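For reference, the structure discussed in these notes is given below.
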Amino acid sequence: MTIEIKTTSIEPLRHTFDNVARRLGADKPASRYLEAMFDLQPDVNFHYRPLWDPDHELYDTDRTAINMEDWYAFRDPRQFYYGTWTITRSKQQEVAERNYAFVEKKNLLDLVDDAAKQKAEAVLVPFRHAEYAANLNNMYICAYGYGTAITQAASFYAIDRLGVAQYLSRIGLMLDGNTSESLDNGKQAWLENDAWQPLRQLTEDLLVTKDWFELYVAQNFALDGLAHPLLYERIDGALQKSAGSTISMLTEFMNEWYGESSRWVDSTLKTAAGESDANKAQLEQWARHWIDRAAKALTPVAAEVFGSDAQGVIAELREELTTRAKKKAGLDL
Amino acid sequence: MAANKRLSLREKYQKFTRDLAWEPTYQKKSDIFPQTEFEGIHIHDWDKWEDPFRLTVDAYWKYQAEKERKLYSIIDAFSQNNGQLNVTDARYVNALKLFLTGVSPLEYAAHRGFAMAGRQFGGVGPQVSCQMQSIDELRHSQTQIHTISQYNKFFNGFHDWRHMHDRVWYLSVPKSFFDDAMSAGPFEFLTAISFSFEYVLTNLLFMPFMSGAAYNGDMATVTFGFSAQSDESRHMTLGLEVIKFMLEQDERNVPIIQKWIDKWFWRGYRLLSLVSMMMDYMLPKRVMSWKEAWEMYFEENGGALFEDLSRYGIRMPKYWDVSVKEKHRLSHEVWSIFYNYDHAAAFHSWLPDESEMEWLSAKYPDTFDKYYRPRFEYWRSLQQNGERWYNNTLPMLCQTCQIPMAFTEPDDPTQICYRSSEYNGDRYHFCSDGCKDIFDDEPEKYVQAWLPVHQIYQGNCGGASVPEVLEWYHLVDDQDNKEYLESPDRANWLRWKGLSDAEADREVKAAVNE
Amino acid sequence: MANNNVFIALQNNEEARPIIEAIEQDNSEARVEYAPAMVKIDAPGRLVVRRETVEGLIGRDWDPQELHINLISLSGNVDEDDDEIVLRRGN
């Protein structure tokens, strides 16, 4: 016997996963960002304490002084999951590639005066080591942080830093005609020149900072918040006077990337600060301490380009960062 | 005007990775990398690390984005066209439930584990390789969730995968496997996951699920599988590279690594028993038998690999011969466990029909008819009498692998294999010599395990009754669990496909006989 | 005598077609096997994917690293430079 069944409409049984529906307050279609972010990290019933940290569980909220009712209150305003992050970066990478090819093909660097090239090399190339440290620091945050919301974004940020370090290396090779002399000089400056020691010391101190949220504030807000505007706005602007837009073309990736990432950093701090007075006070204390360190460390670097004006430039950048902290991150510094 | 000679790929890569690091002077290197000594592995020269795939970050972004674009356009097409209706049979979807609840969380764990390794290794070469694997693994977990999201909308058992992975009894098997690896140090983690899992055993996880998907009309999962495969080839080379690197750095590393290879072969093998049952019992259209897969991918491929490694003083993993003996039995014993406990599982089970039992007979000529067909026929008679068997006692779990103790003596399939050890006045139980040896080597670790059955008995799982435990699992009774033939999944399937009962069965038979 | 087979498996799609053809051209002992959606190419001891050959077939610049987009699996020791990717096993 056959049963005749008319065309059936296919109605879904549910619109999303239950954990997503719980968080959204209703079973409705959810974005890819939310489905692949909420609750990806386990939070209970671990089997074994880590041999490398027997005082904590594998994933443990106690690895930071910051307290959250819900670690998924954090959002990345860019809504990056792996797919959207790589696709965004690949578009930016394509533009960068064309810029680099253009500068090379037209030999634009030959038209830049030696003084400007020397300054560019002296500041940008050693900085690649600081970016490498930032890569390790953000991997630390991904490894030992809590909740996929922050940790996945930190892993993307870590790879971004390695990418920037590689772009800075490429700029060096373009400046030294592919001899890699600039890279060797840059490393030596990083290791030995007075101008770079406070910054190198700062990066080494960050590499042993244990509280991952403190590290987040120190690296991603305090240090980056001063260093990136210094390099890609102020110094770039100063170089433009003699280099035209040639150097800017080579650092455009960093400029755009910094503006975009800052939105994530600010949003993260704002959520944490808004959670409790205790969080806010702790974040402010960390921010003040590490901005101090960063400002002191970056002043001699700024002096390579601005000479005696360096302190003034750094003071202005501090001012801007303090304003940003208040307006965007909910912190009173 | 300088002639712009392009740096070779190798030179460029060195300048762009290795050269970024420096010898710290303001802080001690051992404080920056505090985990490199405690496992007893000696590394003298990190620069000897060779990364065969010298991907700079910009190249990574470019090629991975290309893959993502293609993958997501297929996932979109799949969902727009209700691609889930094209699978051979709704029984197949239960393999995906096992995958999302059991495997996808491990991809996430790998993401975090490789982030840890990518921070803790003292050399830039392995740091970068591990970091790229970390984001690759995030990619896998997220693309799996996105792919399977469509199935969640139309089938039961997918809805709370993370919640279940952390609580449901059979899912502590994969969870504890990865917890074990992550709680170890970075060198053991890489030996466990990069080498043992991603190199030696990878084809026994990936191929069954992905080929199973291809054979059963699941275009979305196949596409995910192909898309992930090129990531896997990078991961495999990392696994091979790390093992050779450690073995070549210092002779003292050899016995430590051998011990890890022994441990992780066995733990990985036990974990894969879930895959054995998937291959032999859950795919309407079967790819190959577990026995065939084990012969091809472990006995042959693995054999060649260990022959290669013998020059370092490494031998085949301990108890590999047991795995060969067990290949005739594994899937049948494990499917029987799930048939027994399907009232507490978030996927359906069913009995193989006559044509499927013929296939099993042919693939397992020495064991199926003798040891396993009788029990299926017996259960069928109960089922036909309206007394479908569900086991109302809780099983004893192996302390190490956490699988219910249904495995049999290597040389006697009629005897359950029991082993035990005493530690600090308590007795612990194991399914095999392999699991016992793992415990005996690190008892302080394995006594900590969160064993689901113990936890239920201790009252930590919602209550003393099955309904209370199911609720605590977020497992909906008569919806997510129990016999496939009585499931809402099957009823929906018939409705959507416009099939009668008889037509549905005919479709299934055709799939097996092809 | 140990088995020194190397192989590469690629997706069987439009993009990979010229790569497969180039491999056949540059590796006289290669054996090509077609499976659903996949092509597997085996060779004894050595297999090379050469940029120049592929470029000749597609009419544009080609970076050997583009192989990553359609790669499914490979075996053997990998050696990579600007001009080719080589899989090798044995001496």
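Remember, predicted model here, so these are calculated numbers, not experimental data. Each chain gets a letter, A, B and so on, in the order the sequences are listed, and its residues count up from 1.
Between chain A and the residues B:Thr25, B:Asn152, B:Asp58, the largest count of heavy-atom pairs under 4.5 Å involves B:Asn152. Per-residue counts of heavy-atom pairs under 4.5 Å with chain A were compared for B:Thr56, B:Val128, B:Asp166, B:Leu138; the largest is that of B:Asp166. Of the listed residues B:Ala184, B:Pro452, B:Pro488, the one with more heavy-atom pairs under 4.5 angstrom with chain A than any other is B:Ala184. Ranked by heavy-atom pairs under 4.5 Å with chain B, the list A:Leu183, A:Thr151, A:Asp184, A:Val164 is led by A:Thr151. Per-residue counts of heavy-atom pairs under 4.5 Å with chain B were compared for A:Leu168, A:Asp39, A:Thr179; the largest is that of A:Asp39. Between chain A and the residues B:Glu68, B:Met182, B:Lys153, the largest count of heavy-atom pairs under 4.5 Å involves B:Lys153. Between chain B and the residues A:Glu131, A:His15, A:Glu57, A:Arg49, the most heavy-atom pairs under 4.5 angstrom are made by A:Arg49. Comparing A:Thr88, A:Asn19, A:Thr148 by how many heavy-atom pairs each has under 4.5 Å with chain B, the most go to A:Thr148. For the options B:Glu23, B:His146, B:Lys62, heavy-atom pairs under 4.5 Å to chain A are most numerous at B:His146. Looking only at heavy-atom pairs under 4.5 Å with chain A, the residue among B:Ser141, B:Ser176, B:Ser104, B:Ser149 that has the most is B:Ser176.
A salt bridge links A:Glu260 and A:Arg89; the closest N-O separation between the charged side-chain nitrogens and carboxylate oxygens is under 4.0 Å. Looking at B:Arg162 and A:Asp43, no side-chain N of the basic residue comes within less than 4.0 Å of a carboxylate O on the acidic one, giving no salt bridge. In this structure, B:Asp76 pairs ionically with A:Arg32, as a charged nitrogen and a carboxylate oxygen lie closer than 4.0 Å. In this structure, A:Arg200 pairs ionically with A:Glu204, as a charged nitrogen and a carboxylate oxygen lie closer than 4.0 Å.
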Please walk me through it: do A:Gln41 and B:Arg112 pass side chain to side chain donor-acceptor pair (under 3.5 Å)? CA-CA 9 Å; A:Gln41 181 205 285; B:Arg112 297 294 289 268; 2.9 Å; yes
Applying ring pair (Phe, Tyr, Trp, His ring centres under 6.0 Å), run through B:Phe33 and A:Trp52 and close with a yes or a no. CA-CA 12 Å; B:Phe33 300 106; A:Trp52 36 268; over 10 Å; no
Under the criterion side-chain contact (heavy atoms from CB on, under 4.5 Å), I'd like the reasoning laid out for B:Tyr473 against B:His163: C-alpha separation, chi angles, the key distance, then a yes or no. CA-CA 7 Å; B:Tyr473 282 170; B:His163 183 89; 5.6 Å; no
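When heavy atoms are compared at a cutoff of 4.5 Å, A:Leu173 approaches chain B solely by way of its side chain, counted from C-beta outward. Within the 4.5 angstrom heavy-atom criterion, only side-chain atoms of A:Tyr59, from C-beta onward, approach chain B. In this structure, the portions of A:Asp205 lying under 4.5 Å from any heavy atom of chain B include both its backbone and its side chain. Of the two parts of B:Ala21, the backbone and the side chain both hold a non-hydrogen atom closer than 4.5 Å to a non-hydrogen atom of chain A. For A:Thr16, the part sitting under 4.5 Å from any heavy atom of chain B is the backbone (N, CA, C, O) and nothing else. If you measure heavy-atom distances from B:Gln131 to chain A, the contacts under 4.5 Å come from both the backbone and the side chain. With a 4.5 Å cut-off on non-hydrogen atoms, B:His474 touches chain A through its side chain but not through its backbone. Both the backbone and the side chain of A:Leu40 come within contact range of chain B, judged by heavy atoms closer than 4.5 Å. With a threshold of 4.5 angstrom between heavy atoms, A:Asp53 does not approach chain B through any atom at all. When heavy atoms are compared at a cutoff of 4.5 Å, A:Arg22 approaches chain B solely by way of its side chain, counted from C-beta outward.
Seen from the ring of A:Tyr140, B:Arg119 does not count as a face-on cation partner, given the 6.0 Å and 45° thresholds.
Ring geometry for B:Phe189 against B:Phe178 counts as perpendicular: the plane angle is over 60°, on a 0 to 90° scale with 30° as the lower cut. Ring geometry for B:His140 versus B:Phe224: interplanar angle over 60°, hence perpendicular rather than tilted (30 to 60°). A:Phe253 and A:Trp257 have parallel rings, their planes meeting at less than 30° on a 0 to 90° scale where 60° marks the start of perpendicular.
Between A:Arg293 and A:Gln201 the shortest side-chain heavy-atom distance falls below 4.5 Å. The closest side-chain heavy-atom distance from A:Tyr132 to B:Val124 is below 4.5 Å. Within the 4.5 Å cutoff, side-chain heavy atoms of B:Trp22 are placed close to those of A:Leu191.
When the shell of 6.0 Å around CD of B:Glu444 is examined, it contains more than 12 heavy atoms from other residues, nucleotides or ligands. The 12-atom threshold is exceeded at NZ of A:Lys210, counting heavy atoms of other residues, nucleotides or ligands nearer than 6.0 Å.
The stretch residues 91-101 of chain A places A:Gln93, A:Glu97 near chain B, each with some heavy atom under 4.5 Å from a heavy atom of that chain.
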